[in-house]
Participant: 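Here it is, the structure in full.
Source: prediction; values computed, not measured. Basis for what follows: all heavy atoms, side chains included, without hydrogens, waters or symmetry-related copies. We name chains A, B, ... by the order of the sequence lines, and we start the count at 1 in each one.
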Protein chains: 2
Amino acid sequence: MRTIGIDVGGTKVLGVVLSADAPTDVLIEHRVPTPPGGEGLVAVLAELVDQLRAEGDVAAVGVGVPGLVDRAGVLRVGPHLPRLRDVPLADELAARTGVPVEVDNDANGHAVAEHRGGAAAGVDEALVVSFGTGIGAGIITGGKLLRGANGFAGEPGHMIVDPNGPPCPCGRRGCWERFASGTGLGRLARDAALGGRLDLAVDLAGGDPELVRGEHVTAAARQNDPDALGVLHELARWIAIGLANLANIVDPGIIVMGGGLVEAADLLLPPVRTHFGASLMAVDHRPAVPIVPAVLGEQAGAIGVALLAAELV
Amino acid sequence: MRTIGIDVGGTKVLGVVLSADAPTDVLIEHRVPTPPGGEGLVAVLAELVDQLRAEGDVAAVGVGVPGLVDRAGVLRVGPHLPRLRDVPLADELAARTGVPVEVDNDANGHAVAEHRGGAAAGVDEALVVSFGTGIGAGIITGGKLLRGANGFAGEPGHMIVDPNGPPCPCGRRGCWERFASGTGLGRLARDAALGGRLDLAVDLAGGDPELVRGEHVTAAARQNDPDALGVLHELARWIAIGLANLANIVDPGIIVMGGGLVEAADLLLPPVRTHFGASLMAVDHRPAVPIVPAVLGEQAGAIGVALLAAELV
């Protein structure tokens, strides 16, 4: 029977229906806005499930949420959902919909989808890292998600890579996502622009260095602007440092880069690969680790949690 | 039947025979010096096996080696064994001894032993980190070692925690083991001593700040010397940063600290626990992670690889 996957993002909730026959084929897609702070999220999800199953019964529902989700489907805490703390999302949504519900971290959903039918297909030791506003990850080992003691494994965004680095909203300093995310790119870009570099990107942003965002840097880099390329190389170095740290710890056979930054994959991946080789332990004595872009796009998270939900039935 | 476990250290090779009935009971122990650079290691191991099985047949042999060991038992590279590169240790020792041989990373052996019959007994998601000259680790998930694509998982010593930090013999800068190992303690101690602090530890070292080692700092700290306690707290902060990074990635249910630094566990663990709590993501929304000292001592590595070897038969 069909399954539903729902990815709760910072601004939108994306729901898909997957066919029972070709499990990464999306039959239907719907989107609704994310309720501010997560207020009333279960009601929003229940309504979305009703819309998605109007055209045919579903066996199970998967939901991906940014944040720490335990193995019972309780959202402990999530950065964009301050109204939801220690909320048993899986139980509440199952009670409202009458079908089994699996709730997991959104990046775990991305990883499952890319492993089952995307860039990591066929590689049972895979690391899938999503570079968006922050950084999420899913670690596949033995063909399955590494979950850890509580279900919280794969949260490298707050790995400390520079204890004297810039402060992070989490209260610490120098977390990886301060440097290597979309937010990190914005910070690198503003620093460069306010320092008098990055003129082309500033022009593209309308002339105000404070308004320079990642997309302006990327656009300038595509015109071979050396300042913009320099900022992207600095970003690539930080991405590579964290990926190498992860690779030293979990030894993946492939690394898949997803998330918004992947739109600049053509510019980022070559320097990421170079810096990764320079940052990984004993790189000359181990097989090369391919670093490739994700292929399933913004539906990946929803597809992955639908696949996880299918395992419930 | 009995199994043999052999731990190849920087200076000594420690071999044990385990009973088939009580698999963490050591029946016999022998030690021989590690051959310089690893030259002729297989012959040394074969002779040790012969000594150990003189009193009774053994079913299999496990060997733990510091370095990257692949799943076929090939030592790719090891810091103390420069004469051994890409050497098929398992095949060569099996050919010489006529019994099945498992070769693995030494820290994986520690982890298996502490999980099977030590400080992590009964906890199937466990992180065992050995703080010696460098740092090794074994990650237990689902009750089994996390091995990764090549068998190289669990190598956090070269996780970069400060890209502008001190140079590491590996060629990079700011690797975790520059700060958080026995070597790191020595560096912190010499920096403090040469900076005119740490008078008591300098006295204990015979008066020369260049000769201050970790044991002098520990001894001074046991006399409540504030400078020595300060150095140990700095060490504890670096240990905690790396442990929190690892915990964000693999979500262990327990962390076991082994290796030489554990002799100062009474001094180190309280500040490690405090800094760990300050460094782990969302610590208020997850169960506390116990951080405990290893209990099996210097035999742990040999016991663990013997247990891994027992799975061969």
Side-chain angles (χ1 to χ4, degrees), chain A residues 67-68 70 75-78 85-86 123-126 137 139 141-142 144 146-165 170-172 174-176 179 237-238 241-242 244-254 278-282 284-287 289, chain B residues 67-68 70 75-78 85-86 123-126 137 139 141-142 144 146-165 170-172 174-176 179 237-238 241-242 244-254 278-282 284-287 289:
Chain A
L68 292 185
D70 73 18
L75 174 63
R76 291 293 174 198
V77 58
R85 289 280 186 276
D86 303 317
V123 186
D124 279 351
E125 304 289 325
I139 300 162
T141 181
K144 295 194 172 293
L146 175 71
R147 295 192 179 274
N150 306 291
F152 303 160
E155 287 289 343
H158 296 280
M159 169 168 65
I160 293 170
V161 293
D162 181 359
N164 302 310
C170 76
R172 289 168 286 275
C175 296
W176 188 31
F179 301 98
R237 189 176 75 95
W238 284 107
I241 284 172
N245 284 357
L246 284 163
N248 282 330
I249 295 163
V250 301
D251 182 25
I254 192 169
S279 303
L280 184 64
M281 176 190 177
D284 297 335
H285 297 275
R286 57 203 296 160
V289 187
Chain B
L68 292 184
D70 73 17
L75 174 63
R76 291 293 174 199
V77 60
R85 290 279 185 278
D86 302 318
V123 186
D124 279 351
E125 306 288 326
I139 301 162
T141 180
K144 295 192 172 296
L146 175 71
R147 297 195 179 273
N150 306 289
F152 304 159
E155 287 290 345
H158 296 278
M159 168 168 66
I160 294 170
V161 293
D162 182 359
N164 301 310
C170 77
R172 289 168 286 276
C175 295
W176 188 31
F179 301 99
R237 189 176 75 96
W238 283 109
I241 285 172
N245 285 356
L246 284 163
N248 282 330
I249 294 164
V250 301
D251 182 26
I254 193 169
S279 302
L280 183 64
M281 176 190 175
D284 297 335
H285 297 276
R286 58 202 297 160
V289 187

Participant: With only heavy atoms counted, which part of A:Ala247 is less than 4.5 Å from chain B, the side chain, the backbone, both or neither?
Facilitator: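 Interface part for A:Ala247: neither.
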
Participant: Heavy-atom distance under 4.5 Å to chain A: side chain of B:Ala278, backbone, both or neither?
Facilitator: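 Interface part for B:Ala278: backbone (N, CA, C, O).
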
Participant: B:Glu125, B:Arg172, B:Arg76: which one forms the most heavy-atom pairs within less than 4.5 Å of chain A?
Facilitator: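 Ranked by heavy-atom pairs under 4.5 Å with chain A, first place is B:Arg172.
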
Participant: For A:Pro252, is it the side chain, the backbone, both or neither that has a heavy atom under 4.5 Å from a heavy atom of chain B?
Facilitator: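 It is the backbone, since no side chain atom gets that close.
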
Participant: Out of curiosity, B:His158 NE2 to A:Asn248 CG, how far, rounded to the nearest 0.5 Å?
Facilitator: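 That separation rounds to 8.0 Å.
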
Participant: Which value, rounded to the nearest 0.5 Å, describes the distance between B:Asn164 atom CG and A:Asn164 atom CG?
Facilitator: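 One gets 9.5 Å once the value is rounded to the nearest 0.5 Å.
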
Participant: Who wins among B:Glu155, B:Arg147, B:Arg237 for the most heavy-atom pairs under 4.5 Å with chain A?
Facilitator: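 If we count pairs closer than 4.5 Å to chain A, B:Glu155 comes out on top.
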
Participant: Holding to side chain to side chain contact (heavy atoms under 4.5 Å, CB included), I want the full list of residues that pass it with B:Val77, two or more places apart in sequence or in another chain.
Facilitator: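 By the side chain to side chain contact (heavy atoms under 4.5 Å, CB included) rule, B:Val77 matches A:Ala282, A:His285, B:Leu68, B:Arg85.
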
Participant: Taking all atoms of both residues into account, what is the closest heavy-atom pair of A:Ile249 and B:Ile249, and its distance?
Facilitator: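 Minimum heavy-atom contact is CD1-CD1, 3.8 Å.
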
Participant: Contact part of A:Trp176 toward chain B, heavy-atom cut-off under 4.5 Å: side chain, backbone, both or neither?
Facilitator: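 Contact with chain B is absent: no heavy atom of A:Trp176 under 4.5 Å.
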
Participant: Would A:Leu146 and B:Thr141 satisfy side chain to side chain contact (heavy atoms under 4.5 Å, CB included), going step by step from the backbone distance to the final call?
Facilitator: CA-CA 8 Å; A:Leu146 175 71; B:Thr141 180; 3.3 Å; yes

Participant: My understanding is that only residues two or more places apart in sequence, or in another chain, count here; which of them pass side chain to side chain contact (heavy atoms under 4.5 Å, CB included) with B:Asp284?
Facilitator: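 Once residues adjacent in sequence are excluded, B:Asp284 has no partner under the side chain to side chain contact (heavy atoms under 4.5 Å, CB included) criterion.
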
Participant: Check each atom of A:Leu280 against the heavy atoms of chain B and say whether the ones under 4.5 Å are side chain, backbone, both or neither.
Facilitator: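 Just the backbone, heavy atoms under 4.5 Å.
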
Participant: B:Asn150, B:Asp70, B:Asp124, B:Ile241: which one forms the most heavy-atom pairs within less than 4.5 Å of chain A?
Facilitator: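 So the answer, after comparing B:Asn150, B:Asp70, B:Asp124, B:Ile241, is B:Asn150.
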
Participant: Using only atom types and a distance under 3.5 Å, with no angle test, would you say the side chain of A:Asp251 pairs donor to acceptor with the backbone of B:Ala149?
Facilitator: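 It does hold such a pair.
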
Participant: Below 4.5 Å, heavy-atom pairs only: which of A:Gly154, A:Pro156, A:Gly253 has the largest tally toward chain B?
Facilitator: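 Sorted descending by pairs with chain B, the first entry is A:Gly154.
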
Participant: Evaluate side chain to side chain contact (heavy atoms under 4.5 Å, CB included) for B:Asn245 paired with A:Ile160, printing each intermediate quantity in order.
Facilitator: CA-CA 6 Å; B:Asn245 285 356; A:Ile160 293 170; 3.8 Å; yes

